[in-house]
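Before any comments, here is the structure.
Note that the structure is a prediction, hence the values are computed from the model and not measured. Whatever order the structure lists them in is the order used to number ligands and atoms, beginning at 1.
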Amino acid sequence: MSTWTLSAIEELFAQPWLTLMQRATAVHQAHWPTPDVELATLLSVKTGGCPENCGYCPQSQSFDTGLHASKLLPEDEVLHAAKAAKAAGATRFCMGAAWRSPKERDLEKMASMIANVKALGLETCATLGMLSPEQAQTLQTAGLDYYNHNLDTSPAHYAQVVTTRSYQDRIDTLAAVREAGIKVCCGGIIGLGEQQADRASLIAELVKLQPESVPINSLVPVPGTVLASSAPVDPLDFVRVIAVCRITMPKARIRLSAGRQQLGEAVQALCFLAGANSIFYGDKLLTTGNPDTRADDALLEKLGLRIVAPQAQAAPAAGCGCACGTPTAQPALA
Ligand code: SF4
């Protein structure tokens, strides 16, 4: 059980930037002595047409972003993608769908996909929206290893971002996932108009959940969404968030997710110094752009970062709290 309180996390945020970086680097080296980075790839198995109104997400049917909605992919297509991912060295395959929550018929299809992806010898990950305890148990029984569902922001700022489901809905889903014995992937998005106090509060909530994976997204404003005109995030403030996550969740994989393309190489390098040790890899996050794989390979080589067995995660692009990790076009949010 972590002892990090909200006030202690706020004190971290108040430290001078360099002091915070030194502390984060020390924590990172103590827990992750070998400099490495885990690669995660997303596959959206059902894109767009989502009834939720997450203000950053092009997959929401509330916004006209020009995104073409599609139905759930047939299982043979998903398995084909999973085999290709495995052949490319992936060890995990993540499937994301832009749903409020899976309907029973969809859950059956997802359970079958998960079982058959698992049978290929891959770890499985999914982000499908809200789950009941029974649904989480069904997915666990099918062989699901990880579930992504993001908190997005602080409880206080949440209503400025999403109104179609509550913060408690998200906490309940994450509790159901944990209770079912599935590993938790949960993070948030920076740049939603939140204050530093909100960032501290988000991290305090994450610390309580002790996720195995913490995707941190930098908002990619998508024209047509409510948050299309959001002010850009100060890059050093984004690095500060990564550092605080590393210090407060030393054993978690901290993942740079949506918005990495906009950060550029130098800021990404600072994020790795601050403790990030996972990235979304591939040309597209659910629906938004991502650095191409050659650029990533070159950057990781320049930094001397060893690649941990690549993980293919299929998910929507923007950050569906659905975890869409959803890098849908956006914050993968996942
Ligand atoms: S972030 Fe996820 S839940 Fe929210 S609108 Fe997008 S697809 Fe739907």
Check your understanding: Looking at ligand 1, does Arg165 have a heavy atom less than 4.0 Å from it?
Key -> yes

Subset of ligand 1 atoms that lie under 4.0 Å from at least one heavy atom of [X]:
X     : result
Cys50 : 3 (S), 5 (S), 7 (S), 8 (Fe)
Cys57 : 1 (S), 5 (S), 6 (Fe), 7 (S)
Ala98 : 7 (S)
Tyr56 : 1 (S)

Practice item. With heavy atoms under 4.0 Å as the rule, classify the contact between His149 and ligand 1 as side chain, backbone, both or neither. Key: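 Looking at His149 and ligand 1, no heavy atom falls under 4.0 Å.
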
pair [X]-[Y]: side-chain heavy atoms closer than 4.5 Å:
X      : Y      : answer
Gln61  : Pro51  : yes
Ile247 : Leu20  : yes
Asn53  : Val226 : no

**Study point:** Inter-residue atom distance Met130.CE - His149.NE2, 0.5 Å rounding
**Key:** 7.0 Å

Practice item. Tell me, please, if Cys54 has any N/O/S atom, main chain or side chain, under 2.8 Å from atom 6 (Fe) of ligand 1? Key: no

Check your understanding: Do other residues, nucleotides or ligands put more than 12 heavy atoms under 6.0 Å from the NE2 atom of His80?
Key -> no

**Study point:** N-O pairing of Arg240 and Asp234 below 4.0 Å
**Key:** no

